[in-house]
2 protein chains.
Amino acid sequence: MVRKRTSISDIAKELNLAVSTVSRALSDHSRISEATRKRVWELAEQLNYQPNHLAAALRKGRSNTLGVIVPNIDGHFFALVVKGIEEVANQAGFNVMLCQSNEDNAHEAKNVETLMNAQVDGILVSLSRSTHDFKHFDKVQQRKMPLVFFDRILTGSEVSAVVVDDYQGGYQMTKHLLDQGRRRIAHFGGPQHLNIYKDRYRGYCQALRDADLPVEEELVVLFKKMSLEDGPAGIRHLLALPQPPDAIFSSGDFTAVGALRALKQHGLRVPQDVALAGFGNETFSSLTDPMLTTVDQHCEEMGGAAVRLLLEMIQERTRQWSPRKIVLQPRVLVRESSAVAAAVAVG
Amino acid sequence: MVRKRTSISDIAKELNLAVSTVSRALSDHSRISEATRKRVWELAEQLNYQPNHLAAALRKGRSNTLGVIVPNIDGHFFALVVKGIEEVANQAGFNVMLCQSNEDNAHEAKNVETLMNAQVDGILVSLSRSTHDFKHFDKVQQRKMPLVFFDRILTGSEVSAVVVDDYQGGYQMTKHLLDQGRRRIAHFGGPQHLNIYKDRYRGYCQALRDADLPVEEELVVLFKKMSLEDGPAGIRHLLALPQPPDAIFSSGDFTAVGALRALKQHGLRVPQDVALAGFGNETFSSLTDPMLTTVDQHCEEMGGAAVRLLLEMIQERTRQWSPRKIVLQPRVLVRESSAVAAAVAVG
DNA sequence: TTGTAGGCGTTATCAG
DNA sequence: CTGATAACGCCTACAA
């Protein structure tokens with residue numbers, strides 16, 4: 001007794017109506033007599049009718065599904081962004097198809113293909129760390145498929161995007177460390193072809209300059225992955241200097257925590273000997289001892305904003321969008337690792 | 001100049017073939033002359049033909065999409081499970097549609113509707129913490145839509161599922177604490193209608209009994225959410241006892257870390273005064289000071305296994321599946337918070 | 001080996 | 001206000 005789904009035509013037959021009439025009754029759209037509208041709805045309810053979205057999608061040319069590509073989902077940041085994306089998308093009646101690039105360029109390209117084939121109505125992307133060019137997005141743009149980037153984009157690219165003002169984040173954080181009286185501030189940074197790491201670094205530099213301090217090359221350490229393990233490596237480098245730093249601003253929380261552990265092992269006290277600040281407000285950053293000063297990026301808002309931007313593009317009939325950028329202001333969270341007297345949020 | 005996507009019939013026209021021939025050539029399926037096969041593929045390539053999956057899905061009655069419902073995605077556990085799900089699903093040519101229930105029953109019910117309407121070929125679910133019954137899954141089963149639960153299921157329910165042997169996890173962890181010489185071991189648990197919390201608790205009880213120790217009611221604290229904030233609350237309760245515990249086994253890492261912080265604030269040393277163990281191997285559990293002993297659940301494997309089970313069900317033509325359960329063995333990770341001499345992984 | 005025809009479930013466009 | 005009919009793009013008997 002395998003029940004087939006009831007379709008619009010089942011209802012039509014039962015009620016001696018034309019399918020088109022039923023369709024209209026169901027979608028409330030055109031002019032329909034209240035009487036038949038009611039009859040149709042009641043029977044639909046009774047037969048537990050569920051519209052076949054695939055058919056509708058095929059007919060209408062839109063699937064009501066958004067594609068999302070993120071480097072990964074097991075970090076705090078993207079998990080929250082995805083949460084924001086999903087929430088807003090669902091509210092607007094869109095489903096979300098999720099893909100992870102695993103920080104891999106080739107995988108990302110495959111994801112793009114997948115989503116295009118799945119006929120999504122638009123794509124949201126945050127670039128993988130190994131992505132240096134846009135060529136796998138060419139097809140998307142040729143197809144005039146709405147495309148919005150978030151957080152990670154290529155430096156200097158002209159695309160629609162929602163990003164955090166990483167420059168401000170880097171600037172404010174460095175300024176905070178300066179305000180604490182620190183003068184030799186080191187920096188742990190990530191790959192500079194990604195806007196986020198580049199901008200944080202730029203903010204750091206500018207803050208130093210504004211304080212009439214030089215940017216000392218030996219105090220800047222750039223990593224490829226900004227992983228936990230990079231922390232100890234960075235610390236080794238810094239402590240080997242003739243004049244080690246009295247503060248470190250890391251462009252990522254993972255590396256910061258790695259550094260924290262390494263500093264402790266070297267017998268240095270945080271923040272007394274070395275102040276430490278991260279970036280990203282990962283879950284664990286408030287669970288370390290001392291708790292890590294970091295920068296919050298409004299992850300969920302970012303996801304929501306990205307979806308709204310994408311939906312706008314989808315709604316516009318003229319498929320000629322000019323790149324539009326939304327910039328969110330980050331927030332410095334001062335915690336124990338940077339302030340001798342623990343303080344509250346700033347900015 | 002809005003390019004329409006090229007369809008199978010465009011190719012057919014261009015090559016003076018029937019659409020069916022092209023279709024077959026493209027899917028390599030039936031017997032086709034090598035010559036035309038080649039011609040078709042070449043033109044397809046040249047025109048950058050992309051199959052319209054919606055149409056195929058409509059025709060074949062399967063969308064090659066799996067639906068996933070998780071309580072949330074911003075914790076380590078589900079993020080990793082989803083990663084595993086996605087990986088295996090993609091390899092098998094399936095897309096993943098993601099929904100979060102936000103630990104809310106009503107939201108979960110809505111998610112189910114959404115996925116059914118999206119015509120997914122099967123659904124993977126981990127129950128929200130506020131879900132006490134299966135009634136919103138009735139329709140899924142009526143429709144004979146493949147359904148697999150993972151991790152969180154209702155205690156004693158007969159469904160296909162992939163779970164961790166939480167009983168063993170609880171047992172082994174408690175045994176580990178006993179092996180460390182602890183005799184008054186407290187337990188922080190979660191809602192008992194969920195298998196995971198119930199089984200961890202059962203394991204705890206049995207380990208005590210096997211050591212000829214009583215399960216003392218005052219040492220067992222059950223929480224609704226197992227959040228970070230529950231930790232301090234639990235600690236307050238335990239320290240107010242005439243005879244406080246010398247160890248705590250928490251059914252979740254968050255509560256454990258909250259407890260860790262509270263213990264420190266009370267001037268107690270971990271593990272010297274109180275040994276502490278969590279459950280879940282959250283990212284942060286290895287970043288605390290001391291590092292937290294916990295239980296790893298093979299999250300990604302769980303996701304993969306769940307997908308494989310679901311795919312099996314999808315492939316079976318007879319839509320008469322008998323509930324099948326896969327049980328993964330957890331792994332106790334001994335770290336600083338429970339062992340005076342830090343040790344290695346056990347089990 | 002290839003072509004013909006019908007249909008998956010909806011929606012849109014015409015008439016009536 | 002309602003009905004008939006033609007797509008949407010693809011697949012699959014069945015026929016040639």
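Letters go in sequence order (proteins before strands), and every chain restarts at 1.
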Without decimals, in angstroms, what is the distance between [X] [atom1] and [N] [atom2]?
{"X": "N16(B)", "N": "dT2(C)", "atom1": "CG", "atom2": "P", "answer": "13 Å"}
{"X": "I32(B)", "N": "dG3(C)", "atom1": "CD1", "atom2": "P", "answer": "9 Å"}
{"X": "R39(B)", "N": "dT2(C)", "atom1": "CZ", "atom2": "P", "answer": "9 Å"}
{"X": "N117(B)", "N": "dG9(C)", "atom1": "CG", "atom2": "P", "answer": "15 Å"}
{"X": "Q119(B)", "N": "dT10(C)", "atom1": "CD", "atom2": "C1'", "answer": "12 Å"}

From C-beta outward on [X], which listed nucleotide comes closest to its side chain: [options]?
{"X": "A55(B)", "options": "dT11(C), dC10(D), dG9(C)", "value": "dC10(D)"}
{"X": "R59(A)", "options": "dG9(C), dT2(C), dT11(C)", "value": "dT11(C)"}
{"X": "T21(A)", "options": "dA5(C), dA7(D), dT2(D)", "value": "dT2(D)"}

Discussion item. Regarding dT5(D), can its base be found pairing with the side chain of S20(A) as donor and acceptor, where the two atoms are less than 3.5 Å apart?
Written reply: no
Worksheet item: With no angle test and no hydrogens, is the base of dG3(C) tied to the side chain of R24(B) by a donor-acceptor pair under 3.5 Å?
Response: yes
Worksheet item: Would you call E34(A) and R37(A) a salt bridge, taking side-chain N to carboxylate O under 4.0 Å as the test?
Response: yes
Discussion item. Closer than 4.0 angstrom, basic N to acidic O: yes or no for E300(B) and K83(B)?
Written reply: no
Practice prompt. Name the orientation class of the two ring planes belonging to F78(A) and F150(A) (parallel below 30°, tilted from 30 to 60°, perpendicular beyond 60°).
Written response: perpendicular
Worksheet item: Relative to the ring of F149(A), is the ring of F134(A) parallel (under 30°), tilted (30 to 60°) or perpendicular (over 60°)?
Response: tilted
Response to the item:
All heavy atoms of V22(B) vs all of I8(B), minimum pair found to be CG1-CG1, 3.6 Å
Worksheet entry | T36(B) side chain near dT2(C) phosphate (N/O to OP1/OP2, under 4.0 Å) | yes
Worksheet entry | Under-4.0 Å side-chain N/O to phosphate OP1/OP2 contact, S33(A) with dT2(D) | yes
Fill in: Pairwise 5' ranking along DNA chain C for R37(B) and K60(B), keeping only the more 5' one
R37(B)
Which part of the nucleic acid, if any, lies within reach of [X] when heavy atoms closer than 4.0 Å are counted: base, sugar-phosphate only, or nothing?
{"X": "L17(B)", "result": "sugar-phosphate"}
{"X": "D10(A)", "result": "nothing"}
{"X": "I8(B)", "result": "sugar-phosphate"}
{"X": "S23(A)", "result": "base"}

